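What follows is a single structure, written as C-alpha cells, with notes after it.
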Amino acid sequence: MIARYTRPELGRIWSDANKYQCWLTVEVAASQALAKFGLVPQSAADTIRDKGAFTVDRINEIEAEVRHDVIAFTTTVAEHIADPEASRWLHYGLTSTDVVDTAQSLQLKEASAIIRAGIVALSETLKKRALEFKHTPIIGRTHGIHAEPSTFGLKLLLWYSEMQRNLTRFDAAAEDLRVGKLSGAVGTFGHLKPEHEEAICNQLGLKPVAIATQVVQRDRHAAYISTLAVLASTLDKIATEIRHLQRTEVREAEEFFSEKQKGSSAMPHKRNPITSEQISGLARVIRANAQTAFENVALWHERDISHSSAERVILPDSTILADYLLAKTENLIAKLLVYPARMLKNLESTGGLIFSGQLLLDLAESGMSREDAYRLVQGHAMNSWKNDLIFRDEIAKVPEITARLSPEKLARAFDYNRQLANVDAIFARVLNQ
C-alpha cells in the first residue's frame, strides 16, 4: 500500500524486516521445540536462537541468484550463525510454507490486534455521539425522499450496532487465522509428528491446524478478507450518509473544516466532504481484494503458488486500509459538525406532509375505512405538494376530517414527538444487549 494510506504500525508489520523476523521467530521456536523432543541438539537450538540474524539486503542479494526467498533467508541466517554444526539444524524437518504460512499468521495476529482496537474506538465514538443526539429530530428519508421523523441519534446508534456485529465477525475471522502449520511438503508429517507441530505452535501462541496440505487452507484467508470487506462497507455506508447530509440543499451535518483548509482551487467557498469520499473510494479496494481472496481458495492438488503472489498484495493492503479507514472514520465522527436547527427546518419544510401516515391511522381509528382515509389524505397531500401549500393548514379545512378529529387530535397527528416516543426503548435495546 502506498505511504499516503499507511499508518506507521501497520506499515511496520508488513515490512520485509518484520516478515523475515517472523520467519526467524518460527525457525527459533521450531528448533527449541524439536530440541525438547531430542530431534535437534539443544546446543544447536540455543546457537540458532542466540546468533540467528539476517539483513534484508543480503536476503535480496541471494534471492536474486537462487530465485527462492526462503532459501535466501536460511542461507543468510546460517551466515550469521557462522557455526556449521549448529546451522545444519536450522529449518530441520520443515518445508518453506511451514515457515511462511505460520509466520504470516504471526503478522496477521499483530495486524488484527490493531484493527480490533480501531473497531472498538470507532464504536465508542459512535455510541458517545448517538447519546449526544439521542433526541435530536431529523427527517427520515426513504428513496431519498422525506418519509417520517427520526432522530440523528438513531442514525448513529444504527452504525454503532452494525459495528458491534463487525467486531463479532472480525474476532471470529481473526481467531480462525491464529493458526500454524508445520506438517511438511504435503501435510502428512513425513518428517515431523503432530505433537512436534503442536509444541512449536504453542510457543508461538498459535493453534495447529487440524489438517493441511503444504499450505494452510485459504478459505480462512478468504473469510478474513471478506470480513474486512464487510467492515469497509459499513464505513462506506457511514461516509455515504454524511456526504448526503453535507449537500448544500440538506446541510444537516458536515465534516470538520479547519481554518487553513481549502476546498477547491477555483471556488473559495467550497467545503467538500473529502474524507467521506476517500473512505468510500478506498472501501472499494478492500471489497475488490475479497474477490481475489475467493480465487485463492482453489489451488492445484496439495499446493501451487498462485495464491502467494496475490497475498503479497491483498493481505498487507487490506489490513493497512482497514486500519487507515477505521482511524479516518473515527476522526470523522468525533469532529462531525451537526446542525440540529437545520435538521428541524428540513423536517418541517413540507408543511406537515410527513405526518400523512399518522393522519391516515387516526382517521381509520375514528371509524373511516382505510381505503377512504387513504384516498382523502393522499388527495390533499398531492394538492399541497403540487401547489406548495401547507398541508397541516389545508387538512384543518376539510370537513370530512374535522368532523372526526378535534383540533387537539389534529395537532397530535402532526406532533413529531408522538412518533419518537420509543427512541429511549430502541437505545435500551441496543445498548443493553
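What you see is a predicted model; the values in this text were computed from it and never measured.
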More than 12 heavy atoms of other residues, nucleotides or ligands under 6.0 Å from [atom1] of [X]: is that the case?
{"X": "H191", "atom1": "NE2", "answer": "no"}
{"X": "E365", "atom1": "CD", "answer": "no"}
{"X": "R141", "atom1": "CZ", "answer": "yes"}
{"X": "I305", "atom1": "CD1", "answer": "no"}

For this session: Evaluate side-chain contact (heavy atoms from CB on, under 4.5 Å) for T74 paired with E27, printing each intermediate quantity in order.
Result: CA-CA 9 Å; T74 56; E27 295 282 7; 4.0 Å; yes
Side-chain contact, heavy-atom cut-off 4.5 Å: [X] with [Y]?
{"X": "F391", "Y": "W385", "answer": "no"}
{"X": "K155", "Y": "I138", "answer": "yes"}
{"X": "V28", "Y": "Q203", "answer": "no"}
{"X": "L206", "Y": "R178", "answer": "yes"}
{"X": "L235", "Y": "M163", "answer": "yes"}
{"X": "H91", "Y": "V70", "answer": "yes"}
{"X": "L337", "Y": "E255", "answer": "no"}
{"X": "L315", "Y": "W14", "answer": "yes"}

Test item: side-chain donor near acceptor, [X] and [Y], under 3.5 Å:
{"X": "D362", "Y": "Q358", "result": "yes"}
{"X": "E252", "Y": "Q246", "result": "no"}
{"X": "Q217", "Y": "T213", "result": "yes"}

Heavy atoms only: give me the nearest [X]-[Y] pair and the separation to one decimal.
{"X": "K181", "Y": "A212", "value": "CG-CB, 3.6 Å"}
{"X": "S183", "Y": "D98", "value": "N-OD1, 3.3 Å"}
{"X": "I242", "Y": "S276", "value": "CG2-OG, 3.6 Å"}
{"X": "P340", "Y": "V338", "value": "CD-O, 3.2 Å"}
{"X": "E197", "Y": "G180", "value": "OE2-O, 4.2 Å"}
{"X": "A283", "Y": "L325", "value": "N-CD1, 3.9 Å"}

Which donor-acceptor pairs under 3.5 Å do the side chains of residues 51-64 make with protein atoms, sequence neighbours left out?
unit_1 : atom_1 : unit_2 : atom_2 : d
T55    : OG1    : R58    : N      : 3.2
R58    : NE     : E79    : OE1    : 3.0
R58    : NE     : E79    : OE2    : 3.4
R58    : NH1    : E61    : OE1    : 3.3
R58    : NH1    : E61    : OE2    : 3.3
R58    : NH2    : E79    : OE2    : 2.7
N60    : ND2    : V56    : O      : 3.4

Exercise. Where do E311 and R218 land on the side-chain contact (heavy atoms from CB on, under 4.5 Å) test, with the steps shown first?
Worked result: CA-CA 10 Å; E311 284 181 358; R218 261 44 195 180; 2.7 Å; yes
Problem set entry | Residue among R12, R116, R7, K328 satisfying salt bridge (Lys or Arg N to Asp or Glu O under 4.0 Å) with D323 |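 Single pass found, and it is R7.
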Problem set entry | Contacts of type ring pair (Phe, Tyr, Trp, His ring centres under 6.0 Å), residue Y339, not counting sequence neighbours |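 Once residues adjacent in sequence are excluded, Y339 has no partner under the ring pair (Phe, Tyr, Trp, His ring centres under 6.0 Å) criterion.
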Problem set entry | Partner set under side-chain contact (heavy atoms from CB on, under 4.5 Å) for D317, not counting sequence neighbours |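 Partners of D317 under the side-chain contact (heavy atoms from CB on, under 4.5 Å) test: M1, N289, V313.
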For this session: Could you check F37, Y92, F189 and say which one makes a ring-ring contact (aromatic ring centres under 6.0 Å, His included) with H196?
Result: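 By the ring-ring contact (aromatic ring centres under 6.0 Å, His included) criterion, H196 pairs with just one of F37, Y92, F189: F37.
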Please answer whether the main-chain N or O of [Y] pairs with a side-chain N or O of [X] as donor and acceptor at a distance below 3.5 Å.
{"X": "S280", "Y": "E277", "value": "no"}
{"X": "S161", "Y": "L157", "value": "no"}
{"X": "T319", "Y": "P316", "value": "yes"}
{"X": "N272", "Y": "I274", "value": "no"}
{"X": "R247", "Y": "H244", "value": "yes"}
{"X": "R220", "Y": "D176", "value": "yes"}

For a quick test of your reading: what N or O donor-acceptor pairs under 3.5 Å do the side chains of residues 420-427 make, sequence neighbours left out?
unit_1 : atom_1 : unit_2 : atom_2 : d
D424   : OD1    : K134   : NZ     : 2.9
D424   : OD1    : H135   : NE2    : 3.0

Problem set entry | Within residues 145-181 or reaching into it, pairs that qualify as ring-ring contact (aromatic ring centres under 6.0 Å, His included) - sequence neighbours excluded |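 Pairs touching residues 145-181 that pass the test: F133-F152, F170-Y224.
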Problem set entry | CA sep, side-chain torsions, deciding dist, call: L363, L359, side-chain contact (heavy atoms from CB on, under 4.5 Å) | CA-CA 6 Å; L363 287 171; L359 182 60; 4.3 Å; yes
Measure the [atom1]-[atom2] distance between [X] and [Y] for me, rounded to the nearest 0.5 Å.
{"X": "I225", "Y": "T292", "atom1": "CD1", "atom2": "OG1", "result": "9.5 Å"}
{"X": "H221", "Y": "D101", "atom1": "NE2", "atom2": "CG", "result": "5.5 Å"}
{"X": "L182", "Y": "I200", "atom1": "CG", "atom2": "CD1", "result": "4.5 Å"}
{"X": "K128", "Y": "S123", "atom1": "NZ", "atom2": "OG", "result": "14.5 Å"}
{"X": "I2", "Y": "L321", "atom1": "CD1", "atom2": "CG", "result": "9.0 Å"}
{"X": "T227", "Y": "D171", "atom1": "OG1", "atom2": "CG", "result": "10.5 Å"}

For this session: Determine, step by step, whether Q214 and L299 satisfy the side-chain contact (heavy atoms from CB on, under 4.5 Å) criterion, reporting the C-alpha distance in whole Å, the side-chain angles of both residues, the deciding distance to 0.1 Å, and the verdict.
Result: CA-CA 11 Å; Q214 190 177 117; L299 303 177; over 6 Å; no
Exercise. For residues 283-308, which residue pairs qualify under salt bridge (charged side-chain N to carboxylate O under 4.0 Å, His left out), counting only residues two or more places apart or in two chains?
Worked result: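 Applying salt bridge (charged side-chain N to carboxylate O under 4.0 Å, His left out) to every pair that reaches into residues 283-308, excluding sequence neighbours, yields D236-R287.
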Problem set entry | salt_bridge(R49, D46) N-O dist < 4.0 Å |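 Counted as a salt bridge, because a side-chain N and a carboxylate O are separated by less than 4.0 Å.
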